[in-house]
Amino acid sequence: MRQTIYTIGQGARSIEDLVAALESRGVRFLCDVRTVPISNHAPDFCATELRGHLARVGIAYVPMGDSLGGRPVDRSVYTAEGYVDYDKLVSADFFKAGIERLVRGASDGHRMAVFCSEGEPERCHRSKAIGRALDEIGSAVLHVDSNGFDISQERVLARIAPQIPLLSDIPDPRKLSRGRYTI
């Protein structure tokens, strides 16, 4: 039986809510995929503080922003306008290595969750890149939404459908990051 890989975002959660959500799912490894693992409005979610909170309940903190972050250092995965192109991102060697690391951990029986700052999975690269890549290779993925419900990759993608632009000059949210980043 394949191990489910969860994803969860900070959003409006407190650290207590995050820990409770992880513990209720038996998660033992939190893989932080934030490119810059800090939070200006919630200090408990800065990497050092988060690591401490998790350690107190026996959950390991695993930084993975270098390989699975939503704002990669590698500029080849960006459009000329500064958006992250998710097709390019999921094809990049550094990203594939991060996905393989997740799959290997799940295959070894580790209960893991991928963590980022966005609370809604349909607005985050957790579904548009990481969830997509895991789903394409047959890994079980469940996204914990901001209400605490487990949502399949397929249902999260269905949530994105109403966001697809009718005008061709607006970026497709399934393919590009919401924000543009300085190149």
- Item | Where G70 and V84 come nearest, the two heavy atoms and their spacing | O-CG2, 3.4 Å
- Message: If the condition is side-chain hydrogen bond (donor to acceptor under 3.5 Å, both in side chains), which residues does D66 pass it with, not counting sequence neighbours?
- Response: none
- Query: Quick one: ring-ring contact (aromatic ring centres under 6.0 Å, His included) pairs with a partner in residues 128-158, sequence neighbours left out?
  - Reply: none
- Item | From M64 atom CE to L30 atom CG, the distance as rounded to the nearest 0.5 Å | 11.0 Å
- Item | Residue list, side-chain hydrogen bond (donor to acceptor under 3.5 Å, both in side chains) with S107, at least two apart or on another chain | none
- Message: Do V114 and L89 sit in one hydrophobic cluster, given that two such residues count as connected whenever their side-chain heavy atoms are within less than 4.5 Å of each other, even indirectly?
- Response: yes
- Query: How many angstroms lie between atom CG of D44 and atom CD of E16, to the nearest 0.5 angstrom?
  - Reply: 7.0 Å
- Side chain of R123, backbone of G119: donor and acceptor closer than 3.5 Å? no
- May I have all residue pairs that pass salt bridge (charged side-chain N to carboxylate O under 4.0 Å, His left out) and include part of residues 28-43, sequence neighbours excluded? D32-R34
- Query: Is V27 linked to L134 within one hydrophobic cluster, defined over Ile, Leu, Val, Met, Phe, Trp and Tyr using a side-chain heavy-atom separation of less than 4.5 Å?
  - Reply: no
- Can you see which heavy atom on C46 is nearest to which on S39, and at what distance? SG-N, 3.4 Å
- Task: State which residues pass side-chain hydrogen bond (donor to acceptor under 3.5 Å, both in side chains) with D135; sequence neighbours excluded, sorted by chain then number.
- Result: none
- State which residues pass side-chain contact (heavy atoms from CB on, under 4.5 Å) with N40; sequence neighbours excluded, sorted by chain then number. I38
- Note on the structure: Sorted by chain and number, sequence neighbours left out, side-chain hydrogen bond (donor to acceptor under 3.5 Å, both in side chains) with S76 holds for D74
- Under a 4.5 Å cut-off applied to non-hydrogen side-chain atoms, are V141 and T7 in contact? yes
- With E23 via side-chain contact (heavy atoms from CB on, under 4.5 Å) - residues at least two apart: V19, V57, I59
- Query: About how many Å separate SG of C31 and CZ of R126, when rounded to the nearest 0.5 Å?
  - Reply: 13.0 Å
- Item | Set of residues satisfying side-chain contact (heavy atoms from CB on, under 4.5 Å) with respect to R104, sequence neighbours excluded | E100, R101, D108
- Min side-chain heavy-atom separation R71-V36 under 4.5 Å: yes
- Note on the structure: What one should report as the nearest heavy-atom pair of G69 and H125 is C-NE2, 3.6 Å
- Check the hydrophobic clustering (I, L, V, M, F, W, Y; side-chain heavy atoms under 4.5 Å; chains of links allowed) and say if V62 and I130 are grouped together. yes
- Query: If we only count heavy atoms from C-beta on, is the Y6 to M112 side-chain gap below 4.5 Å?
  - Reply: no
- Task: Give, for atom CG of L18 and atom CG of L22, the distance between the pair rounded to the nearest 0.5 Å.
- Result: 4.5 Å
- Query: So if you build clusters from Ile, Leu, Val, Met, Phe, Trp, Tyr with side-chain heavy-atom gaps below 4.5 Å, do V156 and F115 land together?
  - Reply: no
- Item | ILVMFWY cluster, V90 and I5 together (side-chain gap under 4.5 Å) | yes
- What distance do L68 atom CG and L102 atom CG have between them, rounded to the nearest 0.5 Å? 5.5 Å
- Item | E136 side chain near R132 side chain, heavy-atom distance below 4.5 Å | yes
- Query: Are E81 and T79 close enough, and set up right, to give a side-chain hydrogen bond (donor to acceptor under 3.5 Å, both in side chains), and what steps lead you there?
  - Reply: CA-CA 5 Å; E81 297 79 23; T79 66; 3.2 Å; yes
- Message: Please find the pair of heavy atoms, one from T35 and one from P72, that lie closest to each other, and give the distance.
- Response: OG1-N, 4.4 Å
- Side-chain donor/acceptor of Q153 to backbone N/O of S127, under 3.5 Å: yes
- Exceeds 12 heavy-atom contacts within 6.0 angstrom, atom CG of N147: yes
- Query: With sequence neighbours excluded, what pairs up with R25 under the salt bridge (Lys or Arg N to Asp or Glu O under 4.0 Å) test?
  - Reply: D150
- Just grab all the ring-ring contact (aromatic ring centres under 6.0 Å, His included) pairs involving residues 87-112, residues at least two apart or on different chains. F29-H110
- Item | Heavy-atom closest contact (V33 atom, C116 atom, distance) | CG2-CB, 4.0 Å
- Is the shortest heavy-atom distance from the side chain of Q10 to the side chain of H41 under 4.5 Å? yes
- E120 and R159 ion-paired at < 4.0 Å: yes
- Message: How close do P37 and Y61 get, counting heavy atoms only, and between which atoms?
- Response: CB-OH, 3.8 Å
- Can you tell me how far the CZ atom of R56 sits from the CD1 atom of I15, to the nearest 0.5 Å? 9.0 Å
- Message: Checking A20 now: which residues fulfil side-chain contact (heavy atoms from CB on, under 4.5 Å) with it, not counting sequence neighbours?
- Response: none
